[in-house]
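Down below is the structure, laid out as structure tokens.
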Amino acid sequence: MSHQPFPHANDEEEPPKLEPIISAMKCEQTGHIMEAILLYEESIYKLNQMSEAEPNKKHLCGKYIKVYETRAKQLREQVKSHLQSSRVLDHISIERDSRGKSYQRLFGAYLDDNVKEAHINEPHLTDQNHIRNLLNFLEVLVKNCRYLKYIRLTTRPDPVMPKNQQIILEQIRSDLATGNIQLHYQMDDTLHDRKIVLSSGVVIKIGRGLHYFEASDNSHTLGLCDFDFRKCQATEVDIWKCRAFAKKPKDPGEPQNDVDEASAEAEPNGYSSD
């Protein structure tokens, strides 16, 4: 399928060829609204850079910037309206030193085939325990959500070893790509909010984020692989439900407007055992 930017440009005005623009429109057409918003925002940033670097394209870039700003705003309003209609599904109080509170046990019931994308806001991903928690959550997420195709991770940059942090995230990104799951990560120095937003409309807010387990440097203890054995720190968890942000996966047997893309969307990710 050909993805063309939607402004009607003159024949002499060839639209800027930026990968985020193509990806944003593809995400929107396939129902990945949250990812589309961020990709439109990335496109706007790159178009501004192009406009400064190539003054002869300033007018053309400006036209597309306005269009993508308008579309991103429309999608943000759509997401906002969904969130305003949310209701509380569950409230969980985790007591200090308690066990049996793994990601699977707490959140497994909300991770299913309706989840096509996940946005994770976790400010702290700097030490080994942080990365271990992230990896375990990703394992649970991917294992339960067969049609998961996009993950957006937002965190703070490591002030001490930023290059090491980037190397680790790139390794995770590359590994997920082998299972046909795209991970996009971004840094935000001001990030404080800890939450997980699923395209099915489930929003998970944890007081301590992913890091409600007691840190341990001892690798010879129960809980290394099965997080139900791990002791917890005290925190509160709220789980909300609003209207879904993405379309439900279509059955491969249903009529499709675009066979190639629709079939790809209906296929489980590469980690699915089915």
Side-chain angles (χ1 to χ4, degrees), residues 1-80 116-123 125 149-159 162-177 180-191 193 197 199 245-247 257-258 260-261 264-265:
M1 177 178 181
S2 176
H3 297 283
Q4 295 294 333
F6 29 76
H8 295 288
N10 297 328
D11 292 340
E12 298 177 355
E13 294 182 326
E14 185 177 350
K17 289 182 171 63
L18 294 177
E19 185 60 33
I21 294 175
I22 305 301
S23 298
M25 290 186 291
K26 181 178 178 181
C27 281
E28 186 177 352
Q29 291 170 357
T30 54
H32 300 88
I33 303 301
M34 296 186 295
E35 184 64 17
I37 293 171
L38 294 169
L39 287 167
Y40 278 128
E41 291 173 347
E42 184 181 342
S43 300
I44 293 165
Y45 174 76
K46 291 192 173 184
L47 284 170
N48 275 311
Q49 286 185 317
M50 181 184 294
S51 177
E52 294 178 5
E54 303 178 56
N56 62 315
K57 293 184 179 180
K58 188 171 184 178
H59 173 73
L60 179 61
C61 289
K63 180 173 66 175
Y64 281 89
I65 286 171
K66 288 180 181 179
V67 171
Y68 298 138
E69 284 177 339
T70 299
R71 190 57 188 146
K73 181 179 179 181
Q74 291 171 341
L75 293 177
R76 281 195 295 269
E77 288 298 320
Q78 180 179 329
V79 170
K80 183 179 179 180
K116 299 172 66 178
E117 57 178 313
H119 287 228
I120 305 168
N121 284 11
E122 177 48 67
L125 291 175
K149 297 296 175 65
Y150 294 91
I151 300 172
R152 170 72 66 161
L153 173 66
T154 305
T155 189
R156 290 180 184 174
D158 188 332
K163 288 186 178 180
N164 184 62
Q165 182 188 44
Q166 184 175 1
I167 289 171
I168 291 172
L169 293 178
E170 277 295 321
Q171 289 175 344
I172 297 173
R173 185 193 64 78
S174 296
D175 186 52
L176 285 167
N180 196 27
I181 297 175
Q182 296 183 34
L183 169 68
H184 299 285
Y185 61 88
Q186 60 189 40
M187 301 298 167
D188 184 348
D189 293 299
T190 64
L191 182 65
D193 192 22
V197 182
S199 60
F245 300 111
K247 304 171 186 174
N257 294 327
D258 188 291
D260 292 338
E261 280 192 7
E265 284 298 311

Without swapping roles, check the side chain of Gln165 against the backbone of Pro159 for a donor-acceptor pair under 3.5 Å.
->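 Side chain of Gln165 to backbone of Pro159: no pair is present.
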
Is it true that a side-chain atom of Thr155 and a backbone atom of Pro123 form a donor plus acceptor pair closer than 3.5 Å?
->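 Checked: pair present.
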
Working to the nearest 0.5 angstrom, can you tell me the gap between [X] [atom1] and [Y] [atom2]?
X	Y	atom1	atom2	result
Glu122	Asp193	CD	CG	10.5 Å
Cys27	Gln182	SG	CD	7.0 Å
Ile65	Leu60	CD1	CG	9.5 Å
Tyr68	Met25	OH	CE	5.0 Å
Lys26	Leu39	NZ	CG	11.5 Å
Thr154	His184	OG1	NE2	11.5 Å

Results of side-chain hydrogen bond (donor to acceptor under 3.5 Å, both in side chains) for Ser174 - residues two or more places apart only | none

Could you pull out the closest heavy-atom pair between [X] and [Y], with the gap in Å?
X	Y	value
Asp189	Arg156	O-NE, 3.9 Å
Tyr40	Leu75	CE1-CD1, 3.8 Å
Gln78	Ile33	NE2-CG1, 4.1 Å

Glu41: partners by salt bridge (Lys or Arg N to Asp or Glu O under 4.0 Å), with sequence neighbours left out |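 If we apply the salt bridge (Lys or Arg N to Asp or Glu O under 4.0 Å) test to Glu41, skipping adjacent residues, the hits are Arg76.
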
Less than 4.5 Å apart, any side-chain heavy atom of [X] and any of [Y]?
X	Y	result
Leu153	Leu125	yes
Asp158	Asn164	no
Ile37	His119	no

Test: Arg152 and Glu35 ion pair at under 4.0 Å = yes

Indicate yes or no: does Lys66 engage Glu69 in a salt bridge with an N to O separation below 4.0 Å.
-> no

Check the pair Leu183, Ile172 against side chain to side chain contact (heavy atoms under 4.5 Å, CB included), reporting the backbone distance first and the verdict last.
-> CA-CA 8 Å; Leu183 169 68; Ile172 297 173; 3.9 Å; yes

Verdict with reasoning, Lys149 to Asn180, per side chain to side chain contact (heavy atoms under 4.5 Å, CB included) = CA-CA 7 Å; Lys149 297 296 175 65; Asn180 196 27; 4.0 Å; yes

Side-chain donor/acceptor pairs under 3.5 Å, residues 46-55, sequence neighbours excluded:
residue	atom	partner	partner atom	Å
Asn48	ND2	Ile44	O	3.1
Gln49	NE2	Tyr45	OH	3.2
Glu54	OE1	Lys57	NZ	3.3

